[in-house]
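Heads up: the structure comes next, in structure tokens.
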Amino acid sequence: MSGTKIVAASDAAIAAAAALLRAGKLVAFPTETVYGLGADAGSDDAVAALYGAKGRPAHNPLIVHVAALAEAEALAEFDDAARVLARTFWPGSLTLVLRKRAGARIAAAVTAGLDTVALRIPDHPVALALLRAAGRPLAAPSANPSGRVSPTRAEHVSSGLADLVLDGGPCRVGIESTVVTLDGGARLLRPGGIDRAEIERVLGRALATAGDAARPHSPGQLASHYAPRARVRLHATSVSAHEGALTFGAQVLRGAKMEINLSERGDLGEAAANLYAALRALDDAGVETIAAVTIPEEGLGAAINDRLRRASAR
Ligand code: TXA
Ligand code: MG
């Protein structure tokens, strides 16, 4: 399929997108992290179409997006810790995995048969307007074919994935939300747009780290993910002429076919925002390998390194 319609996210376009969602169609929309591929979370058919479009394994559950805390509380059981995290970080790049309420109106496939549900309120005016206009929770994974690089611009959404793409410009954060479960102890399931240390400060205790890739607590922890076409080589200190170079700050790699510096001033937030577009650009340049320098494992660096590690695992 080709030629998916991309439209600027005007009020009229948002209203049209909401009508499509209510009719069971798939709409790609901007969030502050990455573009999501939205479907009516209460519709078995829409959610089945979503898994089908992405080629997503049925065991990998989806994040349910809502516009307000009260809507989230209707779907999941919030204890004090969950409420404090939600009040502090929502709208924002934190996804909470909580015990699903009995009778929550969510298609069974959304949670892949688990008794928990992942929830977040996105911090983007278009996403919030769309959620309000649709008047229902939206299941929304990143709007990319399963296992590939997430889109951070409307034009990065693969053609044919969505019935409509709402263009809200480039995503501010550029890397997916941090996923934390409070079910059975507080654990970090996926590093992301909100720094683990910030969450730990608010919780007043440390987050445990999720299990290894062999026995993932969260299917998003599977080893190979976020992968460009080119192979990714980590901790590079030199580069050859047929390789692409992904560099950071003062750590440049001379002599590559193409070099992209994620942030010349060494800012990890800027680097996160540029990461996926850089992987795409290096792929488009036709490099066989992407040689990435070591990124500091602090702040958003933890999420960048997580994505680069998974992108390198094949
Ligand atoms: O920033 C984001 O989170 C973006 C935007 C669109 O909101 N969405 C996103 O969705 O990254 P996705 O589907 O690409 O990643 C969702 C992650 C996966 O790692 C999935 O396994 C995990 O959340 N997840 C969802 N429900 C879960 C559950 N009940 N228990 C454990 N992990 C869950
Ligand atoms: Mg994804």
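Numbers here simply count residues along the sequence, with the first being 1.
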Over 12 foreign heavy atoms within 6.0 Å of [atom1], [X]:
X      : atom1 : value
Glu155 : CD    : yes
Asp115 : CG    : yes
Arg231 : CZ    : no
Asp11  : CG    : no
Arg83  : CZ    : yes

Which pair of non-hydrogen atoms, one from [X] and one from [Y], has the smallest distance, and what is that distance?
X      : Y      : value
Leu114 : Pro61  : CD1-CG, 3.9 Å
Val232 : Ala311 : CG2-O, 3.9 Å
Thr33  : Ser177 : CG2-N, 3.8 Å
Ala285 : Met258 : CB-SD, 3.4 Å
Leu21  : Asp40  : O-CB, 3.8 Å
Pro122 : Pro91  : O-CB, 3.4 Å

Keeping [X] on the side-chain end and [Y] on the backbone end, is there a donor-acceptor pair under 3.5 Å?
X      : Y      : answer
Arg99  : Asp183 : no
Arg280 : Val149 : yes
Tyr51  : Ala109 : yes
Lys5   : Val165 : no
Ser312 : Arg233 : no
Arg229 : Asp283 : yes
Asn274 : Leu262 : yes
Glu32  : Asp123 : yes
Thr178 : Gly192 : yes
Glu259 : Thr247 : no

Same cluster for [X] and [Y] if Ile/Leu/Val/Met/Phe/Trp/Tyr side chains link at under 4.5 Å?
X      : Y      : value
Val126 : Leu26  : no
Val252 : Leu275 : no
Val27  : Leu138 : yes
Ile14  : Ile121 : no

Inset, instruction - Mind running side chain to side chain contact (heavy atoms under 4.5 Å, CB included) on Ile63 and His65 for me, showing each step along the way? - result: CA-CA 6 Å; Ile63 298 173; His65 296 66; 3.6 Å; yes

Does one side chain, of [X] or [Y], offer a donor that lies under 3.5 Å from an acceptor on the other?
X      : Y      : result
Ser142 : Glu176 : no
Thr31  : Arg120 : yes
Arg196 : Thr209 : yes

I need the [X] [atom1] to [Y] [atom2] distance, nearest 0.5 Å.
X      : Y      : atom1 : atom2 : answer
Glu73  : Arg101 : CD    : CZ    : 7.0 Å
Ser263 : Leu300 : OG    : CG    : 11.5 Å
Leu246 : Leu234 : CG    : CG    : 10.0 Å

Inset, instruction - Tell me, with the steps shown, if Tyr276 and Asn144 meet side chain to side chain contact (heavy atoms under 4.5 Å, CB included). - result: CA-CA 11 Å; Tyr276 291 139; Asn144 51 280; over 6 Å; no

Inset, instruction - Under the side chain to side chain contact (heavy atoms under 4.5 Å, CB included) rule, what do Ile6 and Val157 come out as? Steps first, then yes or no, please. - result: CA-CA 9 Å; Ile6 301 184; Val157 176; over 6 Å; no

Legend entry - Intermediate values then yes/no, side chain to side chain contact (heavy atoms under 4.5 Å, CB included), Leu131 and Phe29: CA-CA 10 Å; Leu131 284 161; Phe29 63 95; 5.8 Å; no

Legend entry - Result of checking Asp195, Asn305, Leu268 against Glu298 for side chain to side chain contact (heavy atoms under 4.5 Å, CB included): Leu268

